[in-house]
Amino acid sequence: MPELPEVETIRRTLAKHLPGRKIEEVEIRLPKLVSPEPERFQALLRGQSFSSFERRGKLLMIHLQGLVLLVHFRLTGQLIYAPQPQEEPPYTHLVFQLDQGRLFYADLRQFGWLELIPEAALASHPFLRRLGPEPLELPFEDFYRLLQRRRRLKALLLDQEVIAGLGNIYVDETLFRAGLHPERQAHTLSEAEARKLWQVIQDVLQEAIRTRGSSVRNYVDGEGVEGTFQEQHLVYNKRQAPCPKCGQPIAYAKIAGRGTYFCPRCQR
DNA sequence: GACAACCTGACC
DNA sequence: GGTCAGGTTGTC
């Protein structure tokens, strides 16, 4: 589900409500999602209050007092704040009872994870340590250097160690807008092609954040609200639809292990 | 690089 | 029944 724009939207919506809110109790119904083990997870969080909300790639980082709660949503994770009593979302696995309202973690496919670590351990955390640069803070010159590898664009851009935050939707959408074939070898791009790709990544991510992310399946933000960037998708999930540029049918193929949508005529 | 694994559900 | 799904990790 959530790629960079979605996690950023979740971060912003939670940051509107939660700083200062105190955790009174944590209910854990699916122990495998949390670390350390549930008893310790609960004990550490009880009495803590939310401080600031940060993001790295697709990872949400929630600061408390000397601790950080890392949340990775994987495909179907949701973190939803309910200020007033309300029915909990389907597939709720964690409930944080707060001094005002509740925070739900729901996850249909149960692939997400929440890990509580000391703030001092952030920099050396194995997941964070391996993440590549933030695409929206990446100068073109650095991006161009990342492309100098013998690897297909689709695989390269999906690799979180190369660049952190793009997922299947945004890779397909940016490659289409840049007119680049997903199987094109990255190192064969001219500087002009690379610059176009860099610019398109900036534009698409910013526009997707502005429109609060893509809700194609079950993504909602920290208030339970859907995004609208899916209305601006040009190829993702549009197999056989006419290409918006040339009218030829959009192709679908498995590339780098992922379902990939592209126009074989416009993308070279 | 390909593929299976982790889960549940939607769709053909 | 089969295939696919916004992610990541481990195995060959």
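Just so it is clear: chains get the letters A, B, ... in the order the sequence lines come, proteins before strands, and each one is counted from 1. These numbers come from a predicted model, not from an experiment.
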Colleague: So A/Tyr252, base contact, sugar-phosphate only, or nothing? Heavy-atom distance under 4.0 Å.
Modeller: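 Sugar-phosphate, backbone atoms only, no base.
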Colleague: Flag the pair A/Lys154 and A/Glu183 as a salt bridge only when some basic side-chain nitrogen lies within less than 4.0 angstrom of an acidic carboxylate oxygen.
Modeller: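 No.
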Colleague: With A/Ile169, which of A/Val204, A/Thr174, A/Val216 fulfils side chain to side chain contact (heavy atoms under 4.5 Å, CB included)?
Modeller: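 Testing A/Ile169 for a side chain to side chain contact (heavy atoms under 4.5 Å, CB included) against A/Val204, A/Thr174, A/Val216 leaves exactly one candidate, A/Val216.
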Colleague: Could you check, using the six-membered ring where one of them is a Trp, whether A/Tyr261 and A/His233 have ring centers closer than 6.0 angstrom?
Modeller: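 Centroid separation for A/Tyr261 and A/His233: 6.0 Å or greater.
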Colleague: Mind calculating the distance between CZ (A/Arg239) and C1' (B/dC11) to the nearest angstrom?
Modeller: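 One finds 12 Å between C1' of B/dC11 and CZ of A/Arg239, rounded.
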Colleague: Between A/Arg12 and A/Glu8, is a salt bridge (charged side-chain N to carboxylate O under 4.0 Å, His left out) present by the stated rule, with each step listed?
Modeller: CA-CA 6 Å; A/Arg12 292 181 184 187; A/Glu8 177 61 19; 2.8 Å; yes
Colleague: Taking the side chain of A/Arg152 as its heavy atoms from C-beta onward, which of B/dC7, C/dC4, B/dA2 lies nearest to it?
Modeller: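 That would be B/dA2.
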Colleague: Using the P atom in both, what is the distance from C/dG10 to B/dC7, to the nearest Å?
Modeller: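 Straight-line distance between the two P atoms is 16 Å.
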Colleague: Check this for me, if you would: do A/Glu54 and A/Arg56 make a salt bridge, where the nitrogen-to-carboxylate-oxygen distance has to be below 4.0 angstrom?
Modeller: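 Result for this pair is no, no salt bridge flagged.
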Colleague: Specify the separation, in whole Å, of atom CD of A/Gln230 and atom P of C/dA5.
Modeller: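 Answer to the nearest Å: 18 Å.
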Colleague: Could you check which of B/dC6, B/dG9, C/dG7 has an atom nearest any side-chain atom of A/Lys32?
Modeller: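 Selected nucleotide: B/dC6.
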Colleague: Rounding to an integer number of Å, can you tell me how far A/Ile255 CD1 sits from C/dA5 P?
Modeller: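 It is 12 Å, rounded to the nearest whole Å.
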Colleague: Given atom CZ of A/Arg109 and atom P of B/dC7, what is their separation to the nearest angstrom?
Modeller: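 So the CZ-P distance, A/Arg109 to B/dC7, works out to 11 Å.
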Colleague: Rounded to whole angstrom units, what separation is found between the CG atom of A/Asn218 and the P atom of B/dC7?
Modeller: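 In whole Å, B/dC7 P lies 18 Å from A/Asn218 CG.
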Colleague: Could you tell me whether the phosphate oxygens of B/dT8, OP1 or OP2, come under 4.0 Å of any side-chain nitrogen or oxygen in A/Gln110?
Modeller: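 Yes, such a contact exists.
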Colleague: Tell me the interatomic distance from A/Tyr105, atom OH, to B/dC7, atom C1', rounded to whole angstroms.
Modeller: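 After rounding, the gap between these two atoms is 12 Å.
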Colleague: With clusters defined by side-chain heavy atoms of hydrophobic residues (ILVMFWY) lying less than 4.5 Å apart, directly or transitively, does A/Leu60 cluster with A/Phe127?
Modeller: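 Different hydrophobic clusters.
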Colleague: In whole Å, what separates the C1' atom of C/dG1 from that of B/dC6?
Modeller: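 So the two C1' atoms sit 23 Å from each other.
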Colleague: So with a 6.0 Å cut-off around CD of A/Gln84, is the heavy-atom count from everything else above 12?
Modeller: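 Open.
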Colleague: Write down the distance separating the C1' atoms in B/dC3 and C/dC4, rounded off to the nearest Å.
Modeller: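 Per the computed distance, 16 Å lies between those C1' atoms.
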Colleague: Counting heavy atoms from C-beta on, name the nucleotide in C/dA5, B/dG1, B/dG9 closest to the side chain of A/Ala155.
Modeller: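 Per side-chain heavy atoms of A/Ala155, the pick is B/dG1.
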Colleague: Which atom pairs link the protein and nucleotides 8-12 of chain C when you take only N or O atoms and keep those under 3.5 Å?
Modeller:
unit_1: C/dT8; atom_1: OP1; unit_2: A/His72; atom_2: NE2; d: 2.9
unit_1: C/dT8; atom_1: OP2; unit_2: A/Lys58; atom_2: NZ; d: 2.9
unit_1: C/dT9; atom_1: OP2; unit_2: A/Arg130; atom_2: NH2; d: 3.4

Colleague: Tell me whether the ring of A/Phe111 lies stacked over the B/dC6 base, given a 5.5 Å limit on centroids and a 30° limit on the plane angle.
Modeller: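 Stacking between A/Phe111 and B/dC6: present.
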Colleague: Give the rounded distance in Å between these two atoms: CZ of A/Arg149 and P of B/dG1.
Modeller: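 Rounded to the whole Å, the gap is 11 Å.
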Colleague: Expected output check: what is the dot-bracket annotation of DNA chain C, where ( ) and [ ] are pairs inside the strand (brackets for crossing ones), | is paired with another strand, and pairs are Watson-Crick or G-U under 3.5 Å?
Modeller: |||||.||||||
Colleague: In whole angstrom, give the distance that lies between atom CD of A/Gln78 and atom P of B/dC7.
Modeller: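 Answer to the nearest Å: 19 Å.
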Colleague: Taking only Lys NZ, Arg NE, NH1 and NH2, and the carboxylate oxygens of Asp or Glu, determine whether A/Arg210 and A/Glu207 approach each other closer than 4.0 Å.
Modeller: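 Answer for the salt bridge query: yes.
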Colleague: Checking all strands, does A/Lys154 fall into the base, sugar-phosphate, or nothing category for heavy-atom contacts under 4.0 angstrom?
Modeller: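 Nothing: the residue A/Lys154, judged by heavy atoms under 4.0 Å, touches no strand.
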Colleague: Using a 4.0 Å heavy-atom cut-off, does A/Arg151 contact any base of the nucleic acid, only the sugar-phosphate backbone, or nothing at all?
Modeller: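 Contact class for A/Arg151: sugar-phosphate only.
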Colleague: Counting only heavy atoms not in A/Arg150 (residues, nucleotides, ligands), do more than 12 fall under 6.0 Å from its CZ?
Modeller: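 Counting other residues, nucleotides and ligands, CZ of A/Arg150 stays at 12 neighbours or fewer.
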Colleague: Run the numbers on A/Asp203 and A/Arg177 for salt bridge (charged side-chain N to carboxylate O under 4.0 Å, His left out), then give the verdict.
Modeller: CA-CA 10 Å; A/Asp203 294 347; A/Arg177 286 164 171 79; over 6 Å; no
